[in-house]
Protein chains: 2
Amino acid sequence: MKTVEDLTERFRERGLRVTPQRQAIFGLLHADASHPTVETLHERARSSMPTISLKTVYQTVHDLEAMGEVELIHLGTGSVRVDPNVEHAHHHLICTVCGNVRDVLVDVRDLRLPARDRRGFTVADVEVHFRGVCDDCAARQLS
Amino acid sequence: MKTVEDLTERFRERGLRVTPQRQAIFGLLHADASHPTVETLHERARSSMPTISLKTVYQTVHDLEAMGEVELIHLGTGSVRVDPNVEHAHHHLICTVCGNVRDVLVDVRDLRLPARDRRGFTVADVEVHFRGVCDDCAARQLS
DNA sequence: TTAGCAGACGACAATGATTGTCGATAAACT
DNA sequence: AGTTTATCGACAATCATTGTCGTCTGCTAA
């Protein structure tokens, strides 16, 4: 993910205003590998900026998505997660218990649909979800 | 998907009651390849049974899932979809415009995570989503 | 066949995630 | 510094889904 300064620049180019709220969110996302939910981002932002509203976080995250600076991913964990890693193609490993997400590197070049399966469709993207249980949750489930 | 009779049998075995509502849902799901949402199932069920409630459809669908007779899939289209095809391993091709879903056959045997990526995790399942636009939506978007 | 009960039914309200509205505010340009 | 106009945050609304609860009914045992 780009730095706070780069994103500030890109927002200005687009005619979007740069506010302390937005810069706080830029900072939180920079080099974050935790795939936070919007709610989680909001909580983190509030520790340094207690009045920031959830709406503002949603809005900024959607602006970032429109600019291609983050991806919003639906992993079946209830809420959308923000993935700041758009520079490197990757896929996801999801804990079906706690919802935590890890980036994984998988080569999907061999993963193409036979012609009969893609007839009538223009395929744009392939997304691979590995599902399982993380060790923490596995340990917790024994008790 | 099993027949209405088979599912009736399996529900009884489990100590679950078989009601006309449930049998109507069994019938709708049998050999359905449309991956309906729960809402859509409810609408279809109402044409033959006008008083059936949405809650009942949700409940029956969850019971079927618990028995492994259907899969509830989250494809980022807003609501859960019911997939009655659990007999044959398959993956999904999703239209990002209208949300329609098609089953596709892809061999994912080669798709394994390197040890470093699955450390600390017990991987149970792999799910592949192909995303694109169906011809109908592509034509509609030109207008 | 009937009685009794666990479980299902449907109406309604509640939840959680997300988005719309809108007056006040403040960033950016002049 | 003033003007413009997008953003902020409070609040209400929406959508998908689930909880509550009183009533009803399939199922089983007598």
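Every chain is numbered from 1, with letters handed out A, B, ... down the list of sequences.
- Nucleic acid contact class of His62(B) (heavy atoms, under 4.0 Å, all strands): sugar-phosphate only.
- Checking dA10(D), dC27(D), dC9(C) against every side-chain atom of Lys55(A), the shortest atom distance belongs to dA10(D).
- The distance from atom CZ of Arg81(A) to atom P of dA17(C) is 11 Å, rounded to the nearest whole Å.
- Heavy atoms of Leu54(A) sit under 4.0 angstrom from at least one base atom.
- Considering Leu64(B), Leu7(B), Val4(B) as possible partners of Leu29(B), the one that fulfils the side chain to side chain contact (heavy atoms under 4.5 Å, CB included) test is Leu64(B).
- For dG26(D), the OP1/OP2 oxygens have no side-chain nitrogen or oxygen of Thr19(B) closer than 4.0 Å.
- The residue Val38(B) sits apart from the nucleic acid: no heavy atom pair falls under 4.0 Å.
- Atom CZ of Arg112(A) and atom CG of Asp117(A) lie 12.5 Å apart (nearest 0.5 Å).
- Closest to the Gln21(B) side chain, of the nucleotides dT7(D), dG10(C), dC27(D), is dG10(C).
- dC9(C) atom P lies 11 Å from atom CD of Gln23(B), rounded to whole Å.
- Rounded to whole Å, atom C1' of dT5(D) lies 18 Å from atom CZ of Arg14(A).
- Within the structure, a side-chain polar atom (N or O) of Thr56(B) is placed less than 4.0 Å from OP1 or OP2 of dG10(C).
- Listed pair Tyr58(A) / dT18(C) meets the phosphate criterion, a side-chain N or O lying under 4.0 Å from OP1 or OP2.
- Here Arg17(A) does not reach the OP1 or OP2 of dA26(C): none of its side-chain N or O atoms lies under 4.0 Å away.
- Looking at heavy-atom distances under 4.0 Å, Glu39(A) makes no contact with the nucleic acid at all.
- What separates NE2 of His74(A) from C1' of dT18(C) is a distance of 11 Å, to the nearest Å.
- Between Gln59(B) atom CD and dA11(C) atom C1' the separation is 14 Å, expressed in whole Å.
- The distance between atom CD of Glu13(B) and atom P of dG26(D), rounded to the nearest whole Å, is 20 Å.
- Side-chain atoms of Arg22(A) and base atoms of dT7(D) include no donor and acceptor less than 3.5 Å apart.
- For the residue pair His91(B) and Val128(B), the shortest heavy atom distance occurs at ND1-N, 3.0 Å.
- If you measure from atom CG of Asp63(A) to atom C1' of dA6(D), you get 10 Å, rounded to the nearest angstrom.
- Thr51(A) comes within 4.0 angstrom of sugar-phosphate atoms only, judged by non-hydrogen atoms across all strands, and of no base.
- A salt bridge does not link Asp63(B) to Arg10(B): none of the charged nitrogens lies less than 4.0 Å from a carboxylate oxygen.
- Checking Asp83(A) against His92(A) by side-chain atom types alone, a donor-acceptor pair falls below 3.5 Å.
- Here Asp32(B) pairs with Arg44(B) in a salt bridge; the nearest charged N to carboxylate O distance falls below 4.0 Å.
- With DNA chain D read from its 5' end, the first of the two nearest nucleotides for Thr8(B) and Ser53(A) is the one closest to Ser53(A).
- To the nearest angstrom, P of dC8(D) lies 16 Å from CZ of Arg46(A).
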